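Okay, so here's the structure we're looking at.
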Amino acid sequence: MTNFDFFRNKIAAAVREEKDLEKALTSNVDMVFLLHSSIMSAASCIKRIHEAGKKAFVHIDFAEGIGKDRAGLEYLKSIDVDGICTTRTNLVKMAKDLGLITVQRFFMIDSHSVGTSVESIKISRPDIVEIMPGIVTKKIREFSGLVNVPVITGGLVENEEEVRAALEAGATVVSTGECSLWKLRI
């Protein structure tokens, strides 16, 4: 299993709007996921995240004006992003070739999605996987036992009880957009 130094805090900030970035920067989180960034704002956001001593990840699938291709990944690397988040296997492989940390997202909607996700991981070999939604603890336990990479879970996590349940089920980190949870120390 990969051991990243930013897994100290078990909560990651999933920032959807610019107004929430400031809260993430002053919170206890070690990782900030920019879920809706753009070519115009990404560099300044990443700089601010680093100045706050945190790791910056861009969800490239949602990044406006940044190509979902090698050139887009090279641009993100040039502005010092630590890693990307994506659902796309081809982007994980390209990002890894560029030395970026890769988080591949999977949506667990039925038993078939578990099998196809495991096969995709074998092909793309991401550094970290994210299972969504994060409140599916039964699948977190099953999935984390099938893959040999850290598992971040996120989506629909709204309270401390759900965070604890996901961690107890085998998640390494819980990603949430609920600002009040970013202050937790678990």
Side-chain angles (χ1 to χ4, degrees), residues 1-2 4 6-21 23-25 27-37 42 45-46 49 52 54-63 76 81-89 91-92 95 100-110 113-114 116-118 120-121 124 126-147 149-186:
M1 179 180 284
T2 308
F4 292 106
F6 51 88
F7 282 157
R8 294 181 307 270
N9 191 331
K10 300 299 183 181
I11 305 292
V15 176
R16 290 182 193 89
E17 299 177 22
E18 182 74 25
K19 68 179 179 67
D20 290 333
L21 180 59
K23 294 175 189 172
L25 297 177
S27 73
N28 295 329
V29 303
D30 298 318
M31 297 184 293
V32 178
F33 290 94
L34 298 173
L35 299 186
H36 287 287
S37 58
C45 290
I46 291 165
I49 292 167
K54 302 169 187 318
K55 299 290 185 192
F57 292 81
V58 169
H59 196 312
I60 193 164
D61 300 354
F62 301 141
L76 288 173
V81 75
D82 295 292
I84 63 143
C85 183
T86 184
T87 59
R88 302 172 187 196
T89 299
L91 290 177
V92 170
L100 296 172
I101 299 168
T102 56
V103 178
Q104 189 168 4
R105 269 186 166 184
F106 296 95
F107 294 90
M108 296 295 138
I109 56 171
D110 57 24
S113 60
V114 172
T116 57
S117 298
V118 170
S120 182
I121 291 166
S124 63
D127 296 303
I128 305 166
V129 297
E130 181 175 10
I131 300 171
M132 297 189 72
I135 59 172
V136 291
T137 53
K138 176 181 155 191
K139 288 300 172 193
I140 294 168
R141 180 170 284 111
E142 176 184 336
F143 195 81
S144 63
L146 295 172
V147 298
V149 295
V151 174
I152 295 174
T153 189
L156 306 176
V157 178
E158 299 171 342
N159 60 52
E160 184 175 346
E161 181 180 291
E162 292 166 344
V163 169
R164 290 187 184 282
L167 293 171
E168 289 172 7
T172 306
V173 170
V174 178
S175 170
T176 180
E178 191 65 45
C179 301
S180 64
L181 295 177
W182 299 348
K183 295 179 181 175
L184 289 177
R185 282 279 187 204
I186 299 178

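The structure presented is a predicted model; accordingly, all values stated were derived computationally and were not measured.
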side-chain contact (heavy atoms from CB on, under 4.5 Å) between Val174 and Ile186, worked out: CA-CA 11 Å; Val174 178; Ile186 299 178; over 6 Å; no
Check against side chain to side chain donor-acceptor pair (under 3.5 Å), Thr137 and Glu168: CA-CA 8 Å; Thr137 53; Glu168 289 172 7; over 6 Å; no
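Residues passing the ring pair (Phe, Tyr, Trp, His ring centres under 6.0 Å) test with Phe33, sequence neighbours excluded: Phe57. Remark: Phe107 pairs with no residue by the ring pair (Phe, Tyr, Trp, His ring centres under 6.0 Å) rule, at least two apart or across chains. Residues that satisfy the salt bridge (charged side-chain N to carboxylate O under 4.0 Å, His left out) test with Glu18, not counting sequence neighbours, are Arg48.
Gly170 approaches Ile140 most closely through the heavy-atom pair C-CG2, 4.0 Å. When all heavy atoms are compared, the tightest approach of Lys54 to Val29 is NZ-O, 2.7 Å. The nearest pair of heavy atoms linking Val157 to Thr176 is O-OG1, 2.9 Å. In plain terms, the two heavy atoms of Pro150 and Ile128 that are nearest each other are O-CG2, 3.3 Å. The two residues Ser175 and Ile152 come nearest to each other via the heavy atoms CB-CG2, 3.9 Å.
Proximity of Thr172 to Leu167: side-chain heavy atoms (C-beta onward) are nowhere separated by under 4.5 Å. Here the side chains of Asp127 and Val103 are not in contact, with every heavy-atom distance at 4.5 Å or above. Ile121 is listed as a side-chain neighbour of Val129, based on a closest heavy-atom distance under 4.5 Å. In this structure, Arg185 and Asn9 have side chains that are in contact, with non-hydrogen atoms separated by less than 4.5 Å. The side-chain heavy atoms of Val163 and Leu181, taken from C-beta on, include a pair separated by under 4.5 Å. Here the side chains of Ser113 and Phe106 are not in contact, with every heavy-atom distance at 4.5 Å or above.
Each of Lys55, Lys10, Arg8 was evaluated against Asp30; a single residue qualifies, Arg8, per the salt bridge (Lys or Arg N to Asp or Glu O under 4.0 Å) test. With respect to Leu34, the side-chain contact (heavy atoms from CB on, under 4.5 Å) criterion is satisfied by exactly one of Leu21, Ile60, Ile84: Leu21. Of the candidates Glu130, Arg16, Arg105, Arg105 is the only one forming a side-chain contact (heavy atoms from CB on, under 4.5 Å) with His59.
A donor-acceptor contact shorter than 3.5 Å links the side chain of Asp61 to the backbone of Thr87.
Of the charged side-chain nitrogens involved, none lies within less than 4.0 Å of a carboxylate oxygen, so that Arg164 and Glu161 do not count as a salt-bridged pair.
Between the side chains of Thr86 and Gln104, not a single donor N or O lies within less than 3.5 Å of an accepting N or O.
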